[in-house]
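Residues: numbered from 1 along the sequence shown. Just so it is clear, the values below take in all heavy atoms, side chains as well, and ignore hydrogens, waters and symmetry mates. Given the structure is predicted, the values throughout are model-derived calculations rather than measurements. Read the numbers this way: they start at 1 and go in the same order the structure lists the ligands and their atoms.
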Amino acid sequence: MKILGIETSCDETGCSIVEDGKQILANVLFSQVCFHEKFGGVVPEIASRKHLEVINTLIDDVFEKAKIKFNEIDAIAVTQGPGLVGALLIGITTAKCFAWVLKKPLIGINHLEAHLFSIFLEQEIFFPFIGLIVSGGHTLLVYVKDFDTYEILATTVDDAAGEAYDKVAKLLELGYPGGHIVEKFAKIGNSDFVVFPQSKFKNKKLAFSFSGLKTAVSTYILKCKEKKISFKKEDVCASFQKSIINSLVKNTIESAYKYEVKNIVLSGGVACNKALQLEMTKAASLEKIKVFYPSNHLCTDNGAMIASLAYYKFKKNNSFLDFLDMNAFPDWELGD
Ligand code: KG4
Ligand code: ZN
């Protein structure tokens with residue numbers, strides 16, 4: 001079964017054709033980063049306009065690369081939420097047009113669920129597993145029993161992990177989006193240079209919080225500037241990264257231990273981070289737990305994960321449940 005996947009939830013236009021949930025026949029992506037970076041974040045209006053400009057060309061491109069004709073696909077999958085409403089609507093309207101013209105089934109996919117299962121594009125993972133989704137807008141710890149059976153164990157009470165990386169990059173004037181730049185700087189910095197706080201919750205509640213950490217970094221930088229104390233950005237990045245990774249690793253290992261799960265799966269843009277992959281793997285190996293993560297281009301937003309999850313949903317339900325009156329769900333929570 002060949003499925004066309006369309007992703008337009010934020011600032012990347014992604015189109016992909018995936019066969020049987022696994023084989024990527026073609027995967028194309030248009031990143032809008034250069035249009036947003038001067039604003040230090042994604043501008044929703046610009047995002048929608050750029051999706052609109054490129055989506056048709058991208059779809060032509062993906063069919064050409066996959067070497068198949070439009071009517072050879074079996075279904076169309078599209079990100080229905082969460083995300084920016086205008087951006088989502090570009091993808092949804094395009095998908096609807098294709099479904100209507102080609103008389104093919106249409107399926108709306110939750111972007112976070114697609115991240116969670118993106119690993120299946122590259123590896124077969126045994127259920128149950130603990131999934132850690134770490135992206136620009138979300139930080140979620142999920143106990144996954146099957147493709148449609150999972151439980152949210154923890155989320156962030158304030159900023160998402162990727163958001164914290166981006167904010168620290170902004171404070172240090174390193175550019176946008178900042179995750180990979182902070183990682184690069186952290187690699188050559190001293191992670192013990194500043195001891196930044198790690199969130200603690202009452203009654204051992206499992207949750208994430210990164211706004212305190214962000215404020216601590218901001219206060220540190222301000223104080224240094226006020227007192228004319230010089231510091232190396234590399235050291236601040238390394239110290240910040242140590243704190244955020246400790247928190248992600250601690251909560252993930254704790255829940256794997258509690259649920260007696262032997263597999264951990266990382267996903268979302270922050271899962272590209274080599275230090276996170278390494279520290280998680282090190283801590284997990286002490287408990288004889290294995291850690292998996294997709295290749296970088298499948299950690300960040302892409303159309304392949306949308307097409308792949310649609311296939312697994314079809315396999316479970318033996319049908320596609322969505323219709324041409326489908327609308328965007330900008331606030332669609334995982335599990336709703
Ligand atoms: O999953 P994603 O591509 O988009 C969302 O759904 O949000 O994640 C983007 C986020 C950004 O905040 C970006 O700074 C972060 O992932 N990111 C990283 C790295 N690469 C991307 N954060 C830390 N280290 C990285 N190497
Ligand atoms: Zn994403």
Side-chain angles (χ1 to χ4, degrees), residues 5-14 16 27 29-33 36-37 40-42 44 47 78-84 87-88 91 109-119 121 131-140 155-156 159-172 174-187 189 208 210 213-214 237-238 240-249 265-280 293-306 308-309 330-334:
I6 300 176
E7 154 63 38
T8 63
S9 66
C10 191
D11 60 346
E12 324 261 12
T13 322
S16 187
N27 187 39
L29 190 85
F30 175 80
S31 171
Q32 306 177 357
V33 163
H36 299 285
E37 63 188 346
V42 178
V78 63
T79 306
Q80 198 174 0
L84 304 168
L88 288 166
I109 294 290
N110 180 301
H111 179 88
L112 298 170
E113 204 172 24
H115 271 307
L116 185 62
F117 294 107
S118 55
I119 188 72
L121 280 158
L132 175 69
I133 310 171
V134 268
S135 70
H138 297 85
T139 305
L140 287 160
T155 183
T156 175
D159 294 352
E163 197 179 348
Y165 266 97
D166 293 338
K167 283 180 178 169
V168 166
K170 199 170 179 177
L171 287 167
L172 292 169
L174 296 178
Y176 173 86
H180 68 286
I181 314 172
V182 170
E183 178 182 17
K184 214 171 99 191
F185 273 63
K187 212 172 164 187
F208 299 99
F210 302 119
L213 171 60
K214 178 197 66 192
C237 287
F240 157 77
Q241 181 163 276
K242 183 178 181 176
S243 169
I244 198 163
I245 289 181
N246 276 348
S247 156
L248 293 171
V249 170
V265 176
L266 313 180
S267 63
V270 183
C272 294
N273 189 292
K274 293 282 163 279
L276 171 64
Q277 295 170 358
L278 191 78
E279 292 305 320
M280 191 70 81
Y293 38 82
S295 304
N296 281 4
H297 69 288
L298 298 174
C299 281
T300 46
D301 290 352
N302 65 86
M305 66 182 188
I306 307 300
S308 171
L309 182 60
D331 302 318
W332 193 2
E333 301 272 348
L334 189 64

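For His138, every N, O or S atom stays at 2.8 Å or more from the Zn ion (ligand 2). Within the coordination shell of the Zn ion (ligand 2), defined by N, O or S atoms under 2.8 Å, Cys10 is absent.
When side chains are defined from C-beta on, Phe185 does not count as touching Leu172, because their heavy atoms never get closer than 4.5 Å. Counting heavy atoms from C-beta outward, Leu112 and Trp332 have side chains that stay 4.5 Å or more apart. Contact check for Pro294 versus Ile119: side-chain heavy atoms found under the 4.5 Å cut-off.
More than 12 heavy atoms of other shown residues, nucleotides or ligands fall within 6.0 angstrom of atom NE2 in His36.
Between Ile109 and the choices Val78, Leu309, Ile6, the side chain to side chain contact (heavy atoms under 4.5 Å, CB included) rule is met once, by Leu309. No option in Thr155, Val270, Leu248, Ile133 other than Leu248 meets the side chain to side chain contact (heavy atoms under 4.5 Å, CB included) test with Thr139.
Considering backbone and side-chain atoms together, Asn273 places an N or O closer than 3.5 Å to an N or O of ligand 1. The shortest N/O to N/O separation between His115 and ligand 1 falls below 3.5 Å. At under 3.5 Å, not a single nitrogen or oxygen of Gly268, backbone or side chain, sits near a nitrogen or oxygen of ligand 1. Considering both main-chain and side-chain atoms, Asp166 comes within under 3.5 Å of ligand 1 through a nitrogen or oxygen pair. Checked against a 3.5 angstrom limit, the closest N/O atoms of Gly136 and ligand 1 fall inside it. Considering backbone and side-chain N/O of Gly179, one or more are found under 3.5 Å from N/O of ligand 1. Checking only distances, His111 does come within under 3.5 Å of ligand 1, N or O to N or O.
Looking only at its N/O/S atoms, Asp301 has OD1 as the one nearest to the Zn ion (ligand 2).
Heavy-atom proximity to Gly162, at under 4.0 Å, picks out these atoms of ligand 1: 12 (O). Interface atoms of ligand 1 facing Glu183, defined by a heavy-atom separation under 4.0 Å, are 25 (C), 26 (N). In summary, the atoms of ligand 1 found under 4.0 Å from a heavy atom of Gly137, numbered by their order in the structure, are 7 (O). Annotation for ligand 1: atoms under 4.0 Å from non-hydrogen atoms of Thr300 are 3 (O).
In the candidate list Gly269, Ser31, Ala271, Cys299, Gly269 is nearest to atom 17 (N) of ligand 1, counting heavy atoms.
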request  = Assess whether side-chain contact (heavy atoms from CB on, under 4.5 Å) is satisfied between Asp11 and Val33, documenting all intermediate values.
outcome  = CA-CA 7 Å; Asp11 60 346; Val33 163; 4.2 Å; yes
TODO: May I have the step-by-step check of side-chain contact (heavy atoms from CB on, under 4.5 Å) for His297 and Asn27, ending in yes or no?
DONE: CA-CA 10 Å; His297 69 288; Asn27 187 39; 4.0 Å; yes
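The backbone N or O of Asn296 lies less than 3.5 Å from a partner atom in the side chain of Thr300, making a donor-acceptor pair. In this structure, the side chain of Ser308 does not engage the main chain of Met305 through any donor-acceptor pair within 3.5 Å.
No part of His138 comes within 4.0 Å of ligand 1, judged by heavy-atom distances.
In terms of protein heavy-atom proximity, atom 2 (P) of ligand 1 is nearest to Asp301 OD1, 3.5 Å.
Checked for salt-bridge contact, Lys187 and Glu183 miss the test: no charged N lies under 4.0 Å from a carboxylate O.
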